**Student:** 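My structure is below; once you've seen it, I'll send some questions.
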Amino acid sequence: MKLKKRIPVIDQGDKFGFWGGKFGGNFVPETLKKPIEDLESQFNKLKNDKKFIYERDKYFKNWIGVPTRFIKLNNLTTYIGGAQIWSKVVSDANGGAHKIYNATVHCLLAKRSGKKVIIGDTGAGYAGKMLSMAAKKFGLKCKIFMGAKDIERQQPNVRAMKKNGADVIPVYSGSQTLVDAVSECMRYWVANCDTTAMCVGSTVGPAIFVRICGWSTSQISRELKRQLLDEFGAIPKKLKLYNCVGGGSSSFGFWNEFMDYDKKQVEFIGVEAGGPSKSKKHAAPLTYGSKIGILHGAAQYVNQNSDGQIEETESISAGLDYPGISPLHCFLKDAKRARYTAASDEEALKAYQIVTKYENLRPSLEPSHAFSVAIKEAKKLSKDTIVVINSCGDAYKDKKILEKKLGKKYDKSN
Amino acid sequence: MTNPINLAFKKAKEEKRPALVTYTVAGDSSKKQSLEILKSISNYADILELGVPHNTPVADGGQIQTSAYRAIKNGIKMNDIFKIARDFKKIKNSKPIIFMGYYNMIYQYGENKFIKNCKTSGVNGLIVVDLPWPENKFFSKKCKKNSINFIQLLSPTTSKKRLKSITKDSHDMIYYISMLSTTGGKLKVSPKRILNNYYKIKKISPKKNCVIGFGITEKTISSFKKADGLVVGSQICKEITRSLNNRQNPVINVSKMVNKLKKKIS
Ligand SMILES: Cc1ncc(COP(=O)(O)O)c(C=O)c1O
C-alpha cells in the first residue's frame with residue numbers, strides 16, 4: 001500500500017471511496033445513497049471554489065480565531081531532558097477543541113444546500129458543542145446524539161450544547177458511548193435525510209464524511225507549517241508530531257500538510273486509548289491488531305469478535321472511546337507513513353499531572369494520551385529533535401473525572 | 001427448476017393476494033424458540049425472513065434492535081443461525097427462507113463460505129442492508145451463481161436512473177422501502193403515494209416480484225393488497241417482546257398475529 005505524492009490524502013480514494021483499495025467505502029442503506037451523492041458533488045465542487053474557500057477562511061479567522069498558538073514548553077523540556085517539547089495549542093480555538101473546524105464547514109455546506117436542521121454525534125461532547133455553536137451562528141436547528149454514559153461524564157459540554165439551543169438526545173443502547181451515538185445519529189438521518197443535514201464528528205463514517213472532516217481539520221497543519229517556518233526558518237530536520245487518535249480527525253488534520261515529507265524527517269505518532277491497564281477492553285484497534293470490519297458505513301480496523309459483532313470499548317477519555325478508526329489512519333498505517341501506539345488511562349492521567357505541574361497548559365484527557373507517549377519517547381531523543389504535541393482539547397470538560405481520580409479540586413488557574 | 005421464492009409468489013398470485021413475508025430475528029429470544037416461531041408462523045406466511053442479529057444496526061429502529069440485542073445476549077452465533085435455517089428446512093413443505101443482515105457478518109464469515117453455507121442450509125435469498133448497488137454487484141453475482149436470490153433494495157430516494165440500473169441487476173425479487181425511515185417507524189406517507197412509487201417500479205420491471213416493507217402492520221396491511229408481497233417485521237418483534245414481558249408464550253402470540261395478518265390480505 002502506497003501514498004501518492006502531491007495529491008491530498010482525502011482525494012486518494014478510488015471511485016467507490018476506498019483508500020488503499022480496502023479502507024472506507026460506503027456501506028450504507030439504499031436510502032442514504034442519494035443524500036451522500038448530493039453531498040459528494042456539493043463538496044467536490046466547493047472545495048475548489050475560491051469564494052467558498054474565502055468564506056471558510058473568513059469564519060475560521062474571525063470566528064474560530066486562527067491561528068492557534070504554537071508554543072515551546074520550556075519547563076517540560078528541561079524536566080524531560082531530551083528533545084525540545086513544543087505544543088500546538090488547538091484548544092485555543094473557539095469552543096476549546098479542533099471539532100470546531102469540521103462543524104463550521106458542515107454548517108456552511110448545510111446552509112448552501114438549503115437544509116434547516118443539522119444533526120451530529122458526540123462522545124466527549126466537543127463535536128456536539130461545536131456543532132451547536134456553528135448551528136446557532138448559521139441559523140440552523142441542531143440535534144446532538146450522545147451516549148447516556150458520556151452525558152454523565154462530560155457535563156460541562158452538555159450544558160454548553162443546551163445553552164446554544166441544541167436538543168441533546170441521550171442514547172441508551174449498547175455501551176451508551178460514542179459508537180452508539182453515531183449509530184443513532186445515522187438512524188435519524190435515514191429517516192430525515194430529505195430535510196436534515198448530518199455532520200459526523202470525526203474522520204469516520206461513509207467516505208464523504210471522512211473527506212470533509214479531514215479537509216476541515218487540515219487547517220491545523222497549514223498553520224503549523226507556517227509557524228515552524230517562522231520559528232526555525234525551515235521545517236526541522238527531525239520533527240515528530242504526536243497526536244491522540246479517537247476517530248482520527250485531529251491527528252489527520254495535524255499531519256496532513258506534512259504527508260509528502262520523508263518520515264525520517266517528519267514522523268507521525270498516533271496515540272490510541274489503551275483503556276484501564278487492568279482491563280482487557282481498549283479503544284486501540286491499530287495498536288492491538290484488530291481485524292478489518294465494517295462500522296458506520298466504512299471498512300476499517302475495528303474491535304470485534306470473530307462473528308463480526310462490534311466489541312465494547314473502555315477508556316477514561318470519552319473522545320477516544322470508539323471501537324473503530326478512520327480509514328485514513330488505516331491507510332497511513334498500512335502505507336507505513338504513521339506509527340501508532342497506545343497509552344493507558346493511568347498513563348494519560350499521569351501525563352496530565354506532569355504537564356499541568358510544569359506548564360500553564362491544561363490538555364484534556366484525550367491529548368494527555370499523546371503527551372504520555374511524547375514524554376516517554378522524548379527522553380531518549382536528541383536536543384535538536386523537535387517534538388510537537390497537539391493539545392487539541394481543554395481539560396475543563398473532564399473536571400469531574402479529574403477530581404475523582406486525583407482526589408483534589410480542579411483549579412482552573414493551575 | 002423454478003426457485004422456491006418465485007413459487008411462493010406464484011402461489012399467492014393464484015390466490016389473488018400478496019405474499020406475506022415475515023421477519024423475525026434468529027435466536028430471539030433463544031435458538032430453540034426462534035425455530036419454534038418460524039415453524040408455527042410458516043403455517044400462514046409465504047416467505048420467512050430471518051434476521052441475522054448485529055449489534056450496530058444503523059437501519060433498525062427500537063423493536064428490531066431489542067430483538068437483536070436479546071438474541072446476541074443469549075449467545076447466538078453465525079453457525080447457530082445456519083443451523084436454525086437447516087432445522088427449519090427439515091419440516092415438510094417448508095417455506096423459502098431469506099437471511100437479512102449487515103455486511104460485516106458476511107465479511108467476517110467470508111463471502112464464499114457464507115454463500116456455501118447458505119446453500120447447504122437451504123437459505124434461498126439474502127438481503128444485505130448496508131451493501132447497496134453498485135457495491136453489491138460482485139457479491140450478488142456470486143449469489144446468483146449459487147442459486148441464491150440477492151434481493152436489491154429500493155427506496156423513495158432512489159433516482160429513476162438508479163432504479164433502472166438496480167432492477168436490471170436484480171434477481172427474482174426486489175424490495176421497496178416504503179418511506180424514509182428505519183425499521184419500526186410509523187407509516188408517515190399515504191398508502192396511495194407508496195403504491196404510486198411501487199407502480200413506477202413495476203412499470204420499469206414488471207416481471208420481478210416486488211415486496212413493500214417498512215411501516216406495514218396489522219393496521220396498515222390491508223391498504224397494500226395490490227402489491228406482490230408485504231413484509232411485516234417490527235410488529236412481530238414487538239409482539240415477542242410484549243409476550244416475554246407478560247410471561248406469555250411468544251410462539252402462540254406471534255402465530256396468532258401472523259394468522260391475522262394473512263386474513264387481512266386474503
Ligand atoms: C479533545 C479531543 N481530542 C480528541 C478527540 C478524538 O477524536 P479525533 O481522533 O477525531 O480527533 C476528541 C473527540 O471527541 C476530543 O474531544
Side-chain angles (χ1 to χ4, degrees), chain A residues 15-18 22 24-38 171-175 179-196 205-207 291-300 302-312 322-324, chain B residues 52-62 65-66 68-69 72-73 75-81 101-110 114 127-137 152-159 162-163 166 175-177 179-186 188 214:
Chain A
K15 68 172 176 172
F16 289 123
F18 287 104
K22 59 179 183 183
N26 287 288
F27 296 89
V28 296
E30 171 64 19
T31 303
L32 292 184
K33 271 292 201 177
K34 172 151 198 311
I36 283 175
E37 266 172 35
D38 290 349
V171 180
Y172 295 103
S173 53
S175 55
V179 64
D180 312 292
V182 179
S183 301
E184 196 58 26
C185 187
M186 284 181 79
R187 286 183 199 114
Y188 187 91
W189 203 42
V190 170
N192 298 280
C193 56
D194 50 344
T195 55
T196 301
K291 281 193 354 189
I292 298 176
I294 316 298
L295 176 64
H296 295 143
Q300 61 199 275
V302 54
N303 300 350
Q304 58 184 324
N305 71 13
S306 58
D307 248 21
Q309 307 291 2
I310 305 304
E311 267 173 355
E312 281 194 13
Y322 186 71
Chain B
V52 176
H54 185 46
N55 70 354
T56 328
V58 293
D60 284 308
Q65 277 184 58
T66 302
Y69 299 153
I72 294 167
K73 200 165 156 228
I76 194 84
K77 293 276 192 194
M78 206 54 241
N79 283 331
D80 304 323
I81 300 172
Y102 292 83
Y103 184 62
N104 198 39
M105 302 294 287
I106 298 171
Y107 186 70
Q108 297 313 321
Y109 207 81
F114 195 93
I127 301 176
V128 191
V129 180
D130 56 350
L131 193 64
W133 188 91
E135 280 87 348
N136 63 32
K137 272 183 165 181
Q152 298 281 1
L153 295 154
L154 301 167
S155 120
T157 57
T158 310
S159 68
R162 221 177 125 72
L163 218 144
I166 296 177
Y175 187 132
Y176 178 62
I177 297 168
M179 56 180 171
L180 302 191
S181 175
T182 53
T183 56
K186 244 195 159 147
K188 59 179 180 182
F214 286 48

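Note on naming: letters A, B, ... go to the chains in the order of the sequence lines (proteins, then strands), and numbering restarts at 1 for each one. Note that the coordinates shown come from a computational prediction; the quantities given were computed from them, not determined experimentally. Side chains are part of it too, since the values below use all heavy atoms of this structure and drop only hydrogens, waters and symmetry mates.
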**Student:** Under a 3.5 Å distance rule, please check whether Q309(A) uses its side chain to pair with a backbone N or O of P53(B) as donor and acceptor.
**Tutor:** yes

**Student:** So K77(B) and N305(A), do their side chains get closer than 4.5 Å, heavy atoms only?
**Tutor:** yes

**Student:** So, taking the atom named CG in D307(A) and the one named CD1 in I81(B), what distance separates them when rounded to the nearest 0.5 Å?
**Tutor:** 7.0 Å

**Student:** Can you tell me which portion of Q65(B) sits under 4.5 Å from chain A's heavy atoms? Options are side chain, backbone, both or neither.
**Tutor:** side chain

**Student:** Of all of K34(A), E30(A), Q304(A), which one pairs up most often with chain B through heavy atoms under 4.5 Å apart?
**Tutor:** E30(A)

**Student:** Report which part of P156(B) has an atom under 4.5 Å of a heavy atom belonging to chain A: side chain, backbone, both, or neither.
**Tutor:** neither

**Student:** Do F27(A) and E135(B) have side-chain heavy atoms sitting under 4.5 Å apart?
**Tutor:** no

**Student:** Supply the atom-to-atom distance K33(A) NZ to L154(B) CG, rounded to the nearest 0.5 angstrom.
**Tutor:** 13.5 Å

**Student:** With a 4.5 angstrom heavy-atom cut-off, is it the side chain or the backbone of I127(B) that approaches chain A, or both, or neither?
**Tutor:** neither

**Student:** Once rounded to the nearest 0.5 Å, what's the spacing between atom CE of M179(B) and atom CG of D194(A)?
**Tutor:** 12.5 Å

**Student:** Do S306(A) and M78(B) come close enough that some side-chain heavy atom pair is under 4.5 Å?
**Tutor:** no

**Student:** Pick whichever of G185(B), P132(B), G62(B), G61(B) has the most heavy-atom pairs under 4.5 Å with chain A.
**Tutor:** P132(B)

**Student:** Distance-only, no hydrogens or angles: does the N104(B) side chain make a donor-acceptor pair with backbone N or O of G293(A) under 3.5 Å?
**Tutor:** no

**Student:** Go through the atoms of Y109(B) and report whether side chain, backbone, both or neither lie under 4.5 Å from a heavy atom of chain A.
**Tutor:** neither

**Student:** Who among N192(A), L295(A), V179(A), I292(A) has the most heavy-atom pairs with chain B under 4.5 Å?
**Tutor:** I292(A)

**Student:** Rounded at 0.5 Å granularity, tell me how far CG in L180(B) sits from CH2 in W189(A).
**Tutor:** 11.5 Å

**Student:** In Å, rounded to the nearest 0.5 Å, how long is the span from CD1 of I310(A) to NE2 of H54(B)?
**Tutor:** 5.0 Å

**Student:** Pick whichever of I166(B), L131(B), N55(B) has the most heavy-atom pairs under 4.5 Å with chain A.
**Tutor:** N55(B)

**Student:** Sort S159(B) into side chain, backbone, both or neither according to what part of it lies under 4.5 angstrom from a heavy atom of chain A.
**Tutor:** neither

**Student:** Please state whether the side chain, the backbone, both or neither of N79(B) comes within less than 4.5 Å of a heavy atom of chain A.
**Tutor:** neither

**Student:** Other residues, nucleotides and ligands only: do more than 12 of their heavy atoms fall within 6.0 Å of NZ on K188(B)?
**Tutor:** yes

**Student:** Just verifying a value: how many Å separate N26(A) CG and D130(B) CG, rounded to the nearest 0.5 Å?
**Tutor:** 11.0 Å

**Student:** So for L153(B), is it side chain, backbone, both, or neither that comes closer than 4.5 Å to the heavy atoms of chain A?
**Tutor:** both

